[in-house]
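As the structure lists them, so they are numbered: ligands from 1, and atoms in each ligand from 1.
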Amino acid sequence: QEDPMTRPFPRLPAGFRFGSATAAYQVEGAWDVDGKGPSIWDEFTHRGGTVRHGHTGDVANDFYHRYAEDVATVAAGGVHDHRFSISWPRVVPAGTGEVNAAGLDFYDRVVDALLTAGVQPVPTLYHWDLPLALQEQGGWFARATADAFAEYVAHVVDRLGDRVGTWLTMNETSVHTLYGHGLTDHAPGLGLGVDAMLAGHHQLLAHARAVEVLRAAGPSRVGIVNQHYPVHAASDDPADVEAAAAFAALTVWAFSDPVLAGRYPEGVAEPLADAVAAHGGDLAADLVRIAAPLDVYGVNYYEPTMIEAPRAGKDYRGVLEVDVPEGLPFSPVPYPSAERTDFGWSIAPEGLTRALVELRDRYPTLPPVVVTENGASFHDGPPDAEGRVRDPRRIAFLAAHLHAVEDAVTAGVDVRGYYVWSAVDNFEWAAGYDESFGLVHVDRDTLVRTPKDSWAWLRDVVAAQDA
Ligand code: FCB
């Protein structure tokens with residue numbers, strides 16, 4: 001790990017956008033306030049036994065009421081952009097039909113507060129919180145959910161479109177599909193294995209519908225966000241190499257190839273075509289719409305993956321934090337990094353450079369890229385006697401990853417921005433409040449915010465760019 005005190009600050013190209021990121025369910029709270037409808041995450045956390053310690057996002061950071069303070073903190077940190085997500089059930093409580101004016105009013109206030117503070121709002125239109133009413137009608141297995149999404153997006157754009165320059169449609173369709181529909185770790189917790197891929201396709205169809213609505217509404221930059229990571233084979237053994245390729249196809253390329261190349265990887269396309277047809281759709285026709293050109297491609301990066309072909313008799317349970325169902329042709333194994341975050345994730349900044357270069361090499365028409373999430377959970381603890389939260393490991397992590405972005409730029413990848421996950425400590429899905437990714441500490445009892453050392457460090461990095 002490089003020493004941030006001895007390495008110069010990373011230097012990014014002129015015009016490079018620094019940003020911070022959050023998502024509605026992870027920070028807003030106010031889960032049933034002012035007419036908001038329940039989402040699948042409300043149901044999932046309330047079900048019990050799904051999230052560590054039974055934590056929920058009922059209150060979260062109470063961003064719904066405290067947004068002005070957080071916007072001020074983000075702005076004082078010097079970032080150019082702030083990525084946040086809009087909660088579909090706050091705007092359209094039943095998923096389709098009636099609009100909740102108070103929900104739109106809230107996002108109107110957030111957008112204005114950001115703009116007044118000199119920060120560009122970059123909303124994500126869907127960060128996993130599907131209206132529960134739609135889940136009860138099939139959720140992402142129903143084609144009609146994509147129509148409902150287009151309807152919701154039209155309401156949002158109608159209200160905010162005059163002030164929002166960049167829209168991101170969906171966050172990590174891969175993680176939502178695989179963890180929430182294939183496995184049971186995230187909402188809606190269906191555990192359907194590879195049959196979940198149809199839910200992913202309908203999210204991409206919803207993305208396509210949203211792009212159509214946004215284009216028709218007038219000029220803006222439009223993009224989608226996916227998680228990307230290099231997939232390494234555990235050895236040169238052809239069985240491991242083949243397993244790694246199958247894993248990459250199913251978990252990475254199945255979610256970016258449709259958007260950036262208008263196709264699905266081999267092995268994914270065939271079963272999907274049948275499933276789409278059984279739901280009244282046509283895969284080829286859908287792909288034409290899904291591949292409509294974008295202005296920006298959002299890449300979330302956390303760690304690389306290592307894969308081996310399942311070894312007979314080896315027990316993979318508990319090897320990683322997520323148990324992959326038996327019977328699949330691959331097994332994730334720990335990536336051999338020297339250091340890990342307190343969440344147990346590998347620290348491997350070179351994986352970010354590699355992921356960006358791989359994208360550029362795979363897609364001749366790749367739009368300009370923004371790293372829309374990158375960051376680390378370290379258990380920094382509460383403010384010390386001087387009121388400081390010292391988080392040197394997060395600073396080292398961010399410095400190393402910004403240098404990795406510099407390396408990708410040097411290699412010719414058109415990277416236009418880097419957003420830290422996250423602006424503020426928040427609800428980390430199945431891990432609840434045990435994990436803290438924020439540049440700002442939040443006291444869970446009082447909700448008092450304290451900027452960490454990393455917040456000031458990033459502010460200095462941004463200031464140094466113009467120096
Ligand atoms: C990503 C999610 C984001 C956050 C980070 C740590 O997969 O998009 O909401 O939880 O992981």
Side-chain angles (χ1 to χ4, degrees), residues 19-29 39-41 44-45 50-52 55-57 60-61 63 82-88 122-130 168-183 185-187 200 203 207 223-229 251-252 255-256 297-305 320-322 332 340-348 351-352 355 370-380 391 394 397-398 401 418-440 442 454:
S20 51
T22 62
Y25 187 72
Q26 296 178 275
V27 299
E28 283 182 4
S39 80
I40 55 174
W41 269 96
F44 186 73
T45 56
T50 51
V51 173
R52 270 192 234 161
H55 288 168
T56 74
N61 292 351
F63 177 78
H82 180 64
R83 174 178 175 231
F84 61 99
S85 84
I86 294 180
S87 159
W88 180 352
V122 181
T124 308
L125 289 158
Y126 184 74
H127 200 124
W128 306 350
D129 47 356
L130 187 76
L168 299 170
T169 56
M170 319 286 276
N171 180 70
E172 296 185 355
T173 54
S174 57
V175 174
H176 192 40
T177 301
L178 300 168
Y179 285 63
H181 298 76
L183 306 172
D185 300 72
H186 285 182
Q203 287 168 66
H207 154 77
I224 189 171
V225 172
N226 270 310
Q227 189 169 139
H228 283 272
Y229 40 80
T251 72
V252 181
F255 299 89
S256 55
Y297 189 72
V299 171
N300 293 354
Y301 171 76
Y302 288 95
E303 59 170 347
T305 303
L320 289 172
E321 88 229 38
V322 168
R340 294 182 175 273
T341 71
D342 288 344
F343 204 170
W345 295 3
S346 315
I347 301 180
L352 175 53
V370 170
V371 176
T372 37
E373 284 182 28
N374 177 241
S377 171
F378 291 111
H379 304 166
D380 313 304
D391 59 343
R394 180 172 295 97
F397 181 98
L398 297 176
H401 286 76
Y418 174 92
Y419 300 171
V420 174
W421 185 272
S422 174
V424 186
D425 285 346
N426 60 53
F427 175 83
E428 178 45 36
W429 310 116
Y433 298 101
D434 274 3
E435 301 303 336
S436 38
F437 281 84
L439 300 185
V440 176
V442 178
S454 55

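- Ligand 1 has an N or O atom lying under 3.5 Å from an N or O atom of His127, backbone or side chain.
- Contact atoms of ligand 1 toward Glu373: 1 (C), 2 (C), 3 (C), 4 (C), 5 (C), 8 (O), 11 (O) (distance under 4.0 Å to a heavy atom of the residue).
- Heavy-atom neighbours of Tyr179 OH from other residues, nucleotides or ligands within 6.0 Å: at or below the threshold of 12.
- Considering only residues two or more places apart in sequence or on other chains, Arg52 meets the side-chain contact (heavy atoms from CB on, under 4.5 Å) condition with Phe343, Ala431, Asp434, Glu435.
- Partner of Gln26 under the side-chain contact (heavy atoms from CB on, under 4.5 Å) criterion, out of Phe63, Trp128, Trp421: Trp421 alone.
- Distances below 4.0 Å separate heavy atoms of Gln227 from the following atoms of ligand 1: 7 (O).
- Using a 4.0 Å cutoff on heavy atoms, Glu435 does not count as a contact of ligand 1.
- The ring pair (Phe, Tyr, Trp, His ring centres under 6.0 Å) search around Tyr297 returns His228, not counting sequence neighbours.
- Judged by the shortest distance from any of its heavy atoms, Val175 lies outside the 4.0 Å radius around the atoms of ligand 1.
- The residue among Tyr302, Phe437, Tyr179 with a heavy atom at the shortest distance from atom 5 (C) of ligand 1 is Tyr302.
- For ligand 1, the atoms closer than 4.0 angstrom to any heavy atom of Glu172 are 1 (C), 2 (C), 7 (O), 8 (O).
- Looking at Thr372, its side chain does come within 3.5 Å of a backbone N or O of Val299 through a donor-acceptor pair.
- Looking at atom 10 (O) of ligand 1, its nearest protein heavy atom turns out to be Glu428 OE1, 2.6 Å.
- Each of the atoms 8 (O) of ligand 1 lies under 4.0 Å from some heavy atom of Asn171.
- For the pair Tyr433 and Asp425, the minimum side-chain heavy-atom distance is 4.5 Å or more.
- Checking Tyr301 against His401 by side-chain atom types alone, no donor-acceptor pair falls below 3.5 Å.
- Between the side chains of Thr177 and Gln203, at least one donor N or O lies within less than 3.5 Å of an accepting N or O.
- Between Trp345 and ligand 1, not a single N/O pair is under 3.5 Å apart.
- The distance from ligand 1 to the heavy atoms of Trp429 drops below 4.0 Å at these ligand atoms: 3 (C), 4 (C), 9 (O), 10 (O).
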